[in-house]
There are 2 protein chains.
Amino acid sequence: MSDILTPAAIIDLDRLERNCERMLARARKLGVSLRPHMKTTKSADVARIATGNGHGPITVSTLNEVAYFGEAGFTDITYAVGISAAKVPALADLQRRFGLTINILADTVAAVEAAAQAAAAADPRFPIFIEIDCGGGRGGVAWDSADLLAVAAAIDSSTHLSLAGVLTHAGHSYGAHDVAEIERIAEDERFAAVSAAGRLRDAGFTVPAVSVGSTPTATFARSLEGVTEMRPGVYTFFDLDQVMIGVCAIEDIAVSVLTTVIGQNPRSHRALIDAGGLALSKDLSASNLDPRFGYGLVCPSDGSEPLAGARVAEVHQEHGFIAIAGGGEARFAIGAQLRVLPNHACMTAAPYDRYYVVRGQDDRVVAVWDKASGWLPSPSGTLTH
Amino acid sequence: MSDILTPAAIIDLDRLERNCERMLARARKLGVSLRPHMKTTKSADVARIATGNGHGPITVSTLNEVAYFGEAGFTDITYAVGISAAKVPALADLQRRFGLTINILADTVAAVEAAAQAAAAADPRFPIFIEIDCGGGRGGVAWDSADLLAVAAAIDSSTHLSLAGVLTHAGHSYGAHDVAEIERIAEDERFAAVSAAGRLRDAGFTVPAVSVGSTPTATFARSLEGVTEMRPGVYTFFDLDQVMIGVCAIEDIAVSVLTTVIGQNPRSHRALIDAGGLALSKDLSASNLDPRFGYGLVCPSDGSEPLAGARVAEVHQEHGFIAIAGGGEARFAIGAQLRVLPNHACMTAAPYDRYYVVRGQDDRVVAVWDKASGWLPSPSGTLTH
């Protein structure tokens, strides 16, 4: 561990495997398949573990993730950001190149028609989900709206698109205050998706998949009757935000940022570290609920429990300040390594290009895993301008 | 422009050149050399323009930037984050490989001694700056502290380190409220650095460089007497935060994020775009001063002035919401491209792997520039584990 140059993203493999096994068991118990969202880890090694040591179905959030996971042997990929027609030729290229099934999604007739036109020019065939709004108010049509059937009809009228099913994401579960609220949101999520599928089937459409999912709702849903798959993501790593809403314990967090103490400010009693706003992200989700979390909690380099009252209190681009609650002195040896638990793992892990993977309590690095970052396949690929 | 897959970082080359020319002229007028901080743009093409169409001295913030700019032919590089000994072997390797002068910095005897020990093992010689705190309270010793001379003595006692000079950064100028306050901070910055150099010289040390700099203080300093170089960075791009504190106009902002409209939420009257918290960053600096800025102001795709009242009001990982001030409806065609001006250009530009460079009002892409991102040289390089 002491050879790792900082800042660096560390995976605790024991915790990661436990998190993945737990969600696989959860999917089996609920009678749905698991299509984990890889936007959190962006790692093929994690995807293999999360899909049960295989190359099972996954969900991604960028074109670059489609290319990265396609190259790594994952062939059934849902690109879960509303499609824009401009991206269809690039996706068609990736679909052909790696022999992929790329499921896309849309929630308007305009987006479907534009995608159909772009797909016709490129001549692939895309399964396409209709996105349903289950209360989050982000993307999606209401299950009981006229738009639902209009979007399905637009898909049906294209020979280059096929209806993959309905898909919804209860992103608002991240803002829940307790388990009871998550259970209610999970039932809203299930109900919206299943009801949308029912309306489409009643209208004569074939609806292969009914897809729901967020880590909180996947963890606490009482039933997923009528659902075929779920797409949680952050459970692979977990984070302080998930701790705050009761979805996991601090001991479940499988990712942290290794950093080095590079200074001490005698006047402010704070220690300076080489992990700042880029290395930790400026996401304040958990801190919005409890300011004691700051930009992350500080642990010893062996990843054991957080040091009492220690948080990253302030960040600049490549600098962070550790402060101790109550104004105590944050005093660490210059050169000492520490690990910071993130507020929001997806945001924190994104910019890294690799993970250092440790197992057990002896800080032994057992692997270095590559990962995707950014949005577009590498300029050396076929998508270059 | 319409061929660019989104989200993407766009450089307006006319504005970038104008910003760079203006700062070069400013340095000439102040009688100091310009060592621009490349942490903002992380681009070799920008570095060439910013150093007067050459390969002049630059400042960087990560090891990966040292490697990237070293490979691009920049040979005089200041790595302006307090050194930790663990990074010295990697820097020594880069120094040898590319024939670089890498100036490092420290503000404690402990850091100097550890760096000297690591440098002795690797057998390079590093010029090292003593970092001075000019009031920001981040890193650095006070110019009038006993520590200043102790750190200089520690450097002097190593045959593998040589005193490069003193260096300070008035990062707190970003929080200034008006030009008068920036002028005061600039004078504090100059005074702290020049006074530290004076004390060292009085004690018999040779102090080659007296280095100051931030974009606000470089723009408004009335005098840099006694200073030899300045290291501003964000002026290359500028951003809404710099607009807010009066350092530039909106028309000077040379970077923006191109995004595509992927949805309309009829209930919230908001438009959904494919640029979220990663593509725009979650930095709220300008919004902390004025919430009307949100996560960025929204412009037409040709980069002309912001649409009245339109801001990115909310972000998820890869999704953003555009809202109109006063609750008006943000209605855009599905598939339309827009450009978002960032709160804090350094944070927003960092994760991208390339810039699409446009010139003039006709949206013509004249170049695609590579850039550095992340912290460590590519795993295929010599620093791989």
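Sequence lines set the chain letters: A, B, ... in the order given, protein chains first and strands last, and positions in each chain run from 1.
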Quick check on the interface: out of [options], who has the most heavy-atom pairs with chain A under 4.5 Å?
options: B/R270, B/K282, B/R138; result: B/R138
options: B/V261, B/V141, B/L278, B/N265; result: B/L278
options: B/G263, B/S61, B/A80; result: B/S61
options: B/G137, B/S268, B/S2, B/A86; result: B/G137

Contacting moiety of [X], where chain B heavy atoms sit under 4.5 Å:
X: A/S281; result: neither
X: A/D370; result: neither
X: A/A111; result: both
X: A/S373; result: neither
X: A/F321; result: side chain

Pairs in or reaching into residues 81-92 of chain A: which pass salt bridge (charged side-chain N to carboxylate O under 4.0 Å, His left out), with residues at least two apart or in two chains?
->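 Matches after skipping sequence neighbours: A/K87-B/D274.
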Between [atom1] of [X] and [atom2] of [Y], what distance do you get to the nearest 0.5 Å?
X: A/Y356; Y: B/L376; atom1: OH; atom2: CG; result: 5.0 Å
X: B/C346; Y: A/H316; atom1: SG; atom2: NE2; result: 12.5 Å
X: A/I83; Y: B/I334; atom1: CD1; atom2: CD1; result: 12.5 Å

Side chain B/Q317, main chain A/M347, donor-acceptor under 3.5 Å |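 No; judged by distance alone, with no hydrogens or angles, the pair does not exist.
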Between B/D283 and chain A, which part of the residue has a heavy atom less than 4.5 Å away: side chain, backbone, both or neither?
->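 Both parts, backbone and side chain.
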For B/N64, is it the side chain, the backbone, both or neither that has a heavy atom under 4.5 Å from a heavy atom of chain A?
->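 Interface part for B/N64: neither.
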Picking from A/G374, A/P351, A/G140, which has the most non-hydrogen pairs under 4.5 angstrom with chain B?
->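 So the answer, after comparing A/G374, A/P351, A/G140, is A/P351.
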Looking only at heavy atoms, what is the nearest atom pair of [X] and [Y], with distance?
X: B/L272; Y: A/G139; result: CD2-CA, 3.9 Å
X: A/G82; Y: B/I262; result: O-CG2, 3.5 Å
X: B/L5; Y: A/L63; result: CD1-CD1, 3.7 Å

Hey, does B/K39 have a side-chain heavy atom less than 4.5 Å from the side chain of A/E318?
->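 With C-beta onward as the side chain, the pair stays apart.
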Heavy-atom distance under 4.5 Å between the side chains of A/V81 and B/H319, does that happen here?
->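 Yes. Closest side-chain heavy atoms under 4.5 Å.
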